[in-house]
Protein chains: 4
Amino acid sequence: MAAQRKRRPAAALPGVPAAEREKAILAAAVRVLARKGYHGCRMSDVAREAGVAYGLVYHYFGNKDALLQTVFRAGWGQFMAGIRAAADPDRPLPEGLVALVCVVLEAWRREPEAVRVLILEIARGAGGRSYRQRLFEEIVGVLRGMFERARARGELRAAVEPKLAAVLLFGALETALTACVLGSLSPRSQPELERAASGVAETFLHGVCAVR
Amino acid sequence: MAAQRKRRPAAALPGVPAAEREKAILAAAVRVLARKGYHGCRMSDVAREAGVAYGLVYHYFGNKDALLQTVFRAGWGQFMAGIRAAADPDRPLPEGLVALVCVVLEAWRREPEAVRVLILEIARGAGGRSYRQRLFEEIVGVLRGMFERARARGELRAAVEPKLAAVLLFGALETALTACVLGSLSPRSQPELERAASGVAETFLHGVCAVR
Amino acid sequence: MAAQRKRRPAAALPGVPAAEREKAILAAAVRVLARKGYHGCRMSDVAREAGVAYGLVYHYFGNKDALLQTVFRAGWGQFMAGIRAAADPDRPLPEGLVALVCVVLEAWRREPEAVRVLILEIARGAGGRSYRQRLFEEIVGVLRGMFERARARGELRAAVEPKLAAVLLFGALETALTACVLGSLSPRSQPELERAASGVAETFLHGVCAVR
Amino acid sequence: MAAQRKRRPAAALPGVPAAEREKAILAAAVRVLARKGYHGCRMSDVAREAGVAYGLVYHYFGNKDALLQTVFRAGWGQFMAGIRAAADPDRPLPEGLVALVCVVLEAWRREPEAVRVLILEIARGAGGRSYRQRLFEEIVGVLRGMFERARARGELRAAVEPKLAAVLLFGALETALTACVLGSLSPRSQPELERAASGVAETFLHGVCAVR
DNA sequence: GATGAATGAGCGTTCATTCAT
DNA sequence: TATGAATGAACGCTCATTCAT
């Protein structure tokens, strides 16, 4: 009755396996996010990067925040799984520490873009303070558990408080990653990576001080 | 008889010392930035917070980027001065380390908003990769210098590479601050602060490991 | 072994009598229209309400305009048939008037949603001026015919112009309905309805004035 | 720091008396509304019609709804003032009725676009059911007061309920306007208008029926 | 017939920036 | 200097419409 919007052409491109699209969009979002940051990441960019129509992104993800949350949760879940596995409290502390650093650096080696997004963008830009806080506490909690068990086994110096150690380890890990992201550190090969990891772990275990 | 156009020429408010305005705007920018984050900080917010006309912000700072650059440089300069003083390479390492951590936590105690801006907003969200990188390298450079001198004096374990130690210390400092910002740590009094600082320094110096 | 593409060919649901679908969609459109108004009525809403696939609505009705036209025409046709029957010019005016008002209020009693759509949405919001005008003229024409015959039989005061009477009667009927829709009037039972109807007819026949 | 939006030119056209702009926008909104209806009225249309930049409409009115609310409230306030004055309960009913109809038709004569907006668009399209209802009740309340006083003075037939009379009068007035809007009635001159008004009032006072 | 993924123009809203006064 | 009205590009989101299956 009232004049509708002008009819516009439309077409569903055939060849694509349908549900692959969702993944393609997610991957595109990761790339754009890595390239332009949270606030610079426009929905149109994601669509273009995914080779997909604007509206399709909304079809799958509802809105920008939901999309980026999804990007983030997927990455974070995987990341945390690795962390938890490495921070197995029943393993001797030195071994656990090396494993932990390796997991983190490995993640960087395999998917630098995704890690960059995790570290530099979403964990900070999105979701507000409370979200960031939850994540911080989640990972610190895992690390703290590891230190508490280690202390119970007498592997920790008495003066070291588990909570503080966890916070500092978090800092060390994050900064190692930041150094990767910023280019100061870039373990391209497996041996390089292991050397870097054991350096970090060593320093963390025994401190920097020569004097006992 | 005809309606006159009402135009208040809006002369400069008498009571205001002219150049104080600039500082007021800068301070307002810090507060807004702390409250709403980099991207949530609108020029109009800053103007309102400063109790100043919209256009005046542009008078003094040209544009949003320049304003925030200025906010940042001011804070960062002060911060770095403190860091440099504490990281005096000729001081014994343990002492220097404690001083360093104290400077950082003190900054937090005195101006939590400004530090929050430095840590969570500008250093990360804004300025693009290259800017962040420059800052990271600046501070890591200072720390590295400290470690190199310490090593020359034999205060460092041989296995510890100064560059890596610097990166990790940066991480520890940053994370200590992050913990403050996120509320996990909040040294309200001087003694509390010193206890936290020496805990960080201790751990960093001697590691977490009980085994020699 | 390779993941098969999952594609349910989605054959026509067995239980559904094929052309019933069309009616289901129409009925759904009425409900959605009543609930959300013309502009709030999305094609997807209609499809969901009808329990039918998105595209099917287009299969049957081509586009939104056509769908709503159809909804409207169906309702309007039925409504006008009732009006015409009641406004039988050969019936004595008072009787005709009461019948007319009854038809209108009855319609409301039986299908308040459909009437709400007719009165508040389509007749006003949609279709542009010309459409509304056609409808107005159609119904006024019928009423005018009734008054002209009544006048020919000497049932009308000489001073009353048939056209004006028709317009005013239209207004009275419409407003009675509007009062129903808005809740000021709500004849839930048959006796209530008849009392309301005869009140309207009475007032219209004899005016409000005590003085002759 | 982060790249700001590209700088775009801007200019405040000088010659215009500043606060006149607001009125110009309001007037433009009335025209666009009259032309295209509530939902067809785009903010860009209003801006263009007012000869004003897009953003300025938001500067003055905040958002579309607020703009149209303002348009509406202004018109409605004026309209209701006229209604209240005419429906003075202390005036003899016939006189009051004629005055009432005259006010309504006069409003139409002077500002057909504004009235069209009042009657056909805003009172229906905007604000949802509850808003419409409030307006309906406001005007019916005024009319009802008039009828109740008239009844107290014995000017009303005993059988006529004031509330119902008010509703029907509302209908008569509205439909008279609708007839104007739709072109069935168009009192261009003062005498024409008075004739139409007294016709409506007469019919309402004495009914259509010849039989006593 | 039936399905729903895909398309993209359009609209409301924001906000950095300019400039007449 | 100081003011704040004026500008308009940009972006998130909606939804009518199409079409491969």
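Computed from heavy atoms alone, side chains included, the values below leave out hydrogens, waters and symmetry copies.
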Can you confirm whether [X] sits close enough to [Y] that some side-chain heavy atom of one is under 4.5 Å from a side-chain heavy atom of the other?
{"X": "D:Arg42", "Y": "D:Lys36", "value": "yes"}
{"X": "B:Phe61", "Y": "B:Gln69", "value": "no"}
{"X": "B:Leu56", "Y": "B:His59", "value": "yes"}
{"X": "D:Leu26", "Y": "D:Leu67", "value": "yes"}
{"X": "B:Tyr58", "Y": "B:Met43", "value": "yes"}

What is the separation between atom [atom1] on [X] and atom [atom2] on [N], rounded to the nearest whole Å?
{"X": "B:Lys64", "N": "E:dC15", "atom1": "NZ", "atom2": "C1'", "answer": "8 Å"}
{"X": "A:Met43", "N": "E:dG12", "atom1": "CE", "atom2": "P", "answer": "21 Å"}
{"X": "D:Asp65", "N": "E:dC11", "atom1": "CG", "atom2": "P", "answer": "17 Å"}
{"X": "D:Asn63", "N": "E:dC11", "atom1": "CG", "atom2": "C1'", "answer": "13 Å"}
{"X": "C:His39", "N": "E:dC11", "atom1": "NE2", "atom2": "C1'", "answer": "13 Å"}
{"X": "A:Tyr60", "N": "F:dG12", "atom1": "OH", "atom2": "P", "answer": "20 Å"}
{"X": "C:Phe61", "N": "F:dA16", "atom1": "CZ", "atom2": "P", "answer": "15 Å"}
{"X": "B:Asp45", "N": "E:dT14", "atom1": "CG", "atom2": "C1'", "answer": "12 Å"}

### Task
Could you tell me whether the phosphate oxygens of F:dG4, OP1 or OP2, come under 4.0 Å of any side-chain nitrogen or oxygen in B:Tyr58?
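Answer no for this pair, as no side-chain N or O of B:Tyr58 is under 4.0 Å from OP1 or OP2.
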### Query
Does a side-chain N or O from A:Arg21 land closer than 4.0 Å to OP1 or OP2 of E:dA6, or not?
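For E:dA6, OP1/OP2 do have a side-chain N/O of A:Arg21 under 4.0 Å.
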### Query
With pairs taken as Watson-Crick or G-U wobble and both distances under 3.5 angstrom, which stems of at least three consecutive pairs involve DNA chain E?
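If one scans DNA chain E for consecutive Watson-Crick or G-U pairs, the stems found are E:2-21 with F:2-21.
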Gap between atom [atom2] of [Y] and atom [atom1] of [X] - 0.5 Å precision:
{"X": "D:Leu135", "Y": "D:Trp76", "atom1": "CG", "atom2": "CH2", "result": "5.0 Å"}
{"X": "D:Tyr54", "Y": "D:Ser44", "atom1": "OH", "atom2": "OG", "result": "5.0 Å"}
{"X": "D:Leu33", "Y": "D:Phe72", "atom1": "CG", "atom2": "CZ", "result": "10.5 Å"}

### Query
Is the Lys NZ or Arg CZ of A:Lys23 less than 6.0 Å from the centre of A:Tyr60's six-membered ring, within 45° of the axis?
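Not satisfied by the 6.0 Å and 45° rule.
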### Closest-nucleotide 5' rank along DNA chain E - winner of D:Gly62 and A:Leu56
A:Leu56
### 5′-ward residue of the pair D:Cys41/B:Arg42 relative to DNA chain E
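On the 5' side of the pair lies D:Cys41.
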### Query
For residues 48-55 of chain B, which residues have at least one heavy atom under 4.0 Å from DNA chain F?
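Going residue by residue through residues 48-55 of chain B, the ones with a heavy atom under 4.0 Å of DNA chain F turn out to be B:Ala53, B:Tyr54, B:Gly55.
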### Task
Check if the side chain of B:His59 and the base of F:dA2 share a donor-acceptor pair of N or O atoms closer than 3.5 Å.
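Check passes, donor-acceptor contact within cut-off.
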